[in-house]
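FYI, the numbering just counts along the sequence from 1.
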Amino acid sequence: MAGGRRPAGLALGWGCFLLLCCAAASKLEISMPPVVEVEVGGTARIECNFYIPENASYTYIDWFYVDRSNKQVRLYHVTASGVLEDDTDYKKRLSLGEDKALSISAVTLQDPRTFVCQVGAGSYGVGENSTELSVYKVPTTPEIEPNSGGISVHSGKIPEIARCVSKNSFPPPNITWHKNGEQLHAQDNQVTMPSTLTRESSGLYTVSSALYAPVTRQDRHSRYHCTVHYWLRGQRRALDSQPVQVNIFYPAENLKLKVMPSSTLVKEGDNVTLVCEADGNPQPVFSFFKKNLDEWQDLTSLAEPDSGILRLHDVNKTSNGTYKCQSLDLDDLSQIEKDVDLVVNYIEGVHVKMEPSSTLREGDSVMLSCDAYSPVGLKYQWRDDKGKKLVEGNQLFVKNLTFEKSNTFSCKVMAPSVPGLEQSKKVSVAVEGKPRIVAISSPLYVRQDEVVNLTCKAIAFPPPTVQWSINGTAHEYVDNQHVASNLTVRVSHDLVRAGALCRVSNRLGVSEERIQLVVDQKSTAESQGVIIVAIIVAILVVAVLGAVIYFLHKKGKLPCGRAGKQDIARNTSI
């Protein structure tokens with residue numbers, strides 16, 4: 001072990017080196033690392049390895065440091081009898097290991113010095129060697145701050161891109177700049193990177209640097225970072241900042257104006273959005289115009305401010321035309337414009353022709369023809385009043401017309417190339433005929449003196465009138481070609497005998513039917529049965545009362561005269 005008898009085969013650390021290189025040496029050899037590096041606040045351990053021939057022991061070991069005046073100041077004196085520590089500024093931070101290595105704790109920036117190990121070996125003389133103690137402090141990760149105001153490509157001077165700062169390092173580091181991963185180098189009147197080195201009160205260094213460089217519109221995607229470089233254990237080390245981007249201002253070179261949805265699919269009633277986009281930064285000022293004959297109508301007041309968006313609501317064919325977007329860059333007052341044609345698809349003039357157009361009677365046939373105008377191809381379809389599809393095409397033939405059949409039809413006009421573009425036209429075919437009674441409340445079962453409703457329903461066109469042969473309160477209801485009349489009356493013998501006549505008429509004829517009123521015998525019998533039962537019950541009550549009186553009289557319990565009658569009243573209960 002260091003500081004004692006050390007056979008060549010047991011040498012450690014630097015002793016291994018001596019074993020290989022100096023095993024045959026016949027004199028005292030001292031080996032120490034030329035430099036020991038330790039971070040501020042850490043503990044420095046300086047080894048002293050030595051070789052004494054013939055396994056001889058050392059006489060003493062002394063540790064020194066070299067002060068500013070190049071004078072050796074002793075720290076320790078070690079002999080076989082003990083260890084003597086000298087009174088120095090290091091006293092409270094020193095310690096000596098079993099291998100006689102010197103340790104210095106809580107290393108400071110003032111500790112970098114030369115430390116000397118001296119070994120006395122009697123007849124083999126005195127040997128010594130030294131180690132340089134180097135102190136370092138790893139700098140903090142550099143912090144980068146981009147230009148917050150943004151940079152114009154038309155800037156009159158070389159702009160500042162960003163600033164970089166790294167703190168608390170020792171010895172002094174330096175900073176380099178990188179763009180898109182490539183290191184930047186200073187160029188006359190172009191790229192400059194001035195740096196400032198500041199030593200803080202703690203003795204540590206703060207380094208800051210600024211990057212000045214021209215920019216182009218391509219730099220809107222560039223990423224910048226800075227790197228702080230320092231030395232550690234003889235090697236160059238580096239710490240990178242986070243990459244940043246800088247807001248670059250540049251005028252627009254290209255302008256786009258598009259219609260949403262696509263102009264080829266716009267139909268009447270749609271909401272249309274015109275979107276103007278420019279590739280400048282910041283966005284230029286947009287203006288919108290519509291061409292009317294040879295003049296441009298300014299629509300800018302209808303657009304969303306500073307957005308490049310113009311919304312057109314519920315467009316129609318008058319919205320057709322050429323629209324223009326104009327951009328103005330406020331930085332250099334450059335101007336670009338772009339136009340687009342808006343096509344609003346529409347259907348108009350939907351009408352239905354009926355042949356024959358003269359008055360139709362029940363049993364007749366009719367041909368319906370539908371037509372419309374549109375700048376795109378149209379497709380026709382016929383449906384009934386319930387929405388059921390009847391035929392494809394613009395013609396519908398209806399035969400054997402009647403009141404009961406649906407006589408209301410709808411022509412649906414569609415533009416297959418423009419989804420959702422369609423219109424419908426309804427037509428009602430008027431079928432004339434004399435009235436026909438379709439429902440009547442006959443026979444009607446009634447009771448005497450009962451109030452009943454007599455109903456008569458007919459169908460006809462032109463609309464008919466309804467008349468009753470008897471007086472009552474009438475209510476009439478009309479539903480399309482149907483007319484219904486309700487007559488409220490009280491049942492009498494005359495009404496039952498004669499019945500009620502419903503007469504329906506229009507200019508084409510008359511239809512009439514009689515309502516037969518039948519007295520409900522079952523209901524009459526039930527009423528008579530109730531009366532008979534009531535009479536029988538009364539007779540039974542009287543009979544029972546008489547029997548009770550007779551029984552009491554026979555037993556002598558019923559006195560005669562007025563007093564007896566009172567007793568009977570008190571003692572008889574039914």
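Looking only at atom types and distance, the side chain of Glu160 has a donor-acceptor partner in the side chain of Tyr212 under 3.5 Å away. If you check the side chains of Thr300 and Asp298, you find a donor sitting under 3.5 Å from an acceptor. Defined by atom type and a distance below 3.5 Å, a donor-acceptor pair is missing between the side-chain atoms of Ser485 and Glu476. Side-chain contact annotation: Asn292 with Gln297, donor-acceptor N/O pair under 3.5 Å present. Between the side chains of Thr227 and Asp240, a donor-acceptor pair is found at a separation under 3.5 Å. Defined by atom type and a distance below 3.5 Å, a donor-acceptor pair is present between the side-chain atoms of His493 and Gln448. Between the side chains of Asp329 and Ser334, no donor N or O sits under 3.5 Å from an acceptor N or O. A donor and an acceptor atom, one from each side chain of Gln381 and Arg383, are located under 3.5 Å apart.
Between the CG atom of Leu444 and the CG atom of Asn453 there is a distance of 9.0 Å, given to the nearest 0.5 Å. Taking CG from Asn345 and CG from Leu265, the interatomic distance works out to 8.0 Å, rounded to the nearest 0.5 Å. Considering CD1 of Ile175 and OG of Ser209, their distance stands at 5.5 Å, rounded to 0.5 Å. We find the CD1-CD distance between Ile459 and Glu362 to be 7.0 Å, quoted to the nearest 0.5 Å. For the atom pair Leu312 CG and Thr273 OG1, the distance stands at 7.5 Å (nearest 0.5 Å). Interatomic distance, OG of Ser374 versus NZ of Lys317, reported as 10.5 Å (0.5 Å rounding).
At least one donor-acceptor pair under 3.5 Å links the side chain of Thr140 to the backbone N or O of Lys167. Side-chain atoms of Arg217 come within 3.5 Å of backbone atoms of Asp279 as a donor-acceptor pair (strictly under, hydrogens ignored). Asp219 contributes no side-chain N or O that, together with a main-chain N or O of Ser222, makes up a donor-acceptor pair within less than 3.5 Å. Of the possible donor and acceptor atoms, one in the side chain of Ser442 sits under 3.5 Å from a partner among the backbone N and O of Gln516. Between the side chain of Tyr380 and the backbone N or O of Ala372 there is at least one donor-acceptor pair closer than 3.5 Å. Although no hydrogens or angles enter the test, the distance criterion places a donor-acceptor pair under 3.5 Å between the side chain of Asn506 and the main chain of Gly509. Judged by distance alone, the side chain of Arg490 and the main-chain N or O of Asp449 form a donor-acceptor pair under 3.5 Å. Put simply, the side chain of Asn407 gets close to the backbone of Thr402: a donor and an acceptor are under 3.5 Å apart. Side-chain atoms of His351 come within 3.5 Å of backbone N or O of Gly349 as a donor-acceptor pair. The closest donor-acceptor contact from the side chain of Asn486 to the backbone of His475 lies at 3.5 Å or more, if one exists at all.
At least one side-chain heavy atom of Val489 sits less than 4.5 Å from a side-chain heavy atom of Val452. Within the 4.5 Å cutoff, the side chain of Trp468 has heavy atoms near those of the Leu454 side chain. You'll find the side chain of Glu277 reaches within 4.5 Å of the side chain of Lys258, heavy atoms only. Contact check for Leu211 versus Leu184: side-chain heavy atoms found under the 4.5 Å cut-off. Under the 4.5 Å side-chain criterion, counting only non-hydrogen atoms from C-beta, Val246 is not in contact with Val215. Taking the side chain as every heavy atom from C-beta outward, Pro142 and Val165 never approach each other to under 4.5 Å.
Trp296 approaches Tyr323 most closely through the heavy-atom pair CZ3-C, 4.4 Å. Contact detail for Thr455 and Ile515: the closest heavy-atom pair is O-CD1, 3.9 Å. In terms of heavy atoms, Ala213 sits closest to Val191 at CB-CG2, 4.0 Å. The shortest heavy-atom contact between Val438 and His482 is CG2-CD2, 4.4 Å. The minimum heavy-atom distance linking Leu257 with Cys325 is given by the pair CD2-N, 3.8 Å. What you find for Pro214 and Ile158 is that their closest heavy atoms are N-CG2, 4.0 Å.
In the displayed structure, Glu143 atom CD is contacted under 6.0 Å by at most 12 heavy atoms of other residues, nucleotides or ligands. The number of heavy-atom neighbours closer than 6.0 Å to NZ of Lys324, taken from other residues, nucleotides and ligands shown, is above 12. Atom CD of Gln218 sits in a crowded spot, with more than 12 heavy atoms from other residues, nucleotides or ligands closer than 6.0 Å. No more than 12 heavy-atom neighbours from other residues, nucleotides or ligands sit within 6.0 angstrom of OH on Tyr445. Heavy-atom neighbours of Met260 CE from other residues, nucleotides or ligands within 6.0 Å: at or below the threshold of 12. Atom NZ of Lys267 has more than 12 heavy atoms from other residues, nucleotides or ligands within 6.0 Å.
The salt bridge (Lys or Arg N to Asp or Glu O under 4.0 Å) search around Lys290 returns none, not counting sequence neighbours. For Glu392, the salt bridge (Lys or Arg N to Asp or Glu O under 4.0 Å) partners are Lys389, not counting sequence neighbours.
Under a cutoff of 6.0 Å and an axis angle of 45°, Arg220 and Tyr250 form a cation-pi pair. Geometric assessment of Lys179 against the ring of Tyr224 yields a negative cation-pi assignment under the 6.0 Å and 45° thresholds.
The existence of a salt bridge linking Lys291 and Asp339 is excluded, since no basic side-chain nitrogen approaches an acidic carboxylate oxygen closer than 4.0 Å. Glu304 and Arg311 are joined by a salt bridge, as a carboxylate oxygen and a charged side-chain nitrogen come within less than 4.0 angstrom of each other. Of the charged side-chain nitrogens involved, none lies within less than 4.0 Å of a carboxylate oxygen, so that Glu513 and Arg436 do not count as a salt-bridged pair. Of the charged side-chain nitrogens involved, at least one lies within less than 4.0 Å of a carboxylate oxygen, so that Glu432 and Arg361 count as a salt-bridged pair.
Exactly one of Val427, Leu378, Val413 qualifies for a side chain to side chain contact (heavy atoms under 4.5 Å, CB included) with Cys370. That residue is Val413.
Relative orientation of the His178 and His225 rings is parallel, given thresholds of 30° and 60° on the angle between their planes.
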Gln395/Ser369 under side chain to side chain donor-acceptor pair (under 3.5 Å): CA gap, chis, key distance, verdict: CA-CA 5 Å; Gln395 288 188 325; Ser369 300; 3.3 Å; yes
Pair Asn316-Thr318, side chain to side chain donor-acceptor pair (under 3.5 Å): steps then yes or no: CA-CA 5 Å; Asn316 54 46; Thr318 64; 2.3 Å; yes
Name the atoms and distances for all side-chain donor-acceptor pairs under 3.5 Å in residues 280-288, with sequence neighbours left out.
unit_1, atom_1, unit_2, atom_2, d
Asn281, ND2, Asn247, OD1, 2.8
Asn281, ND2, Ile248, O, 2.5
Gln283, NE2, Ala278, O, 3.2

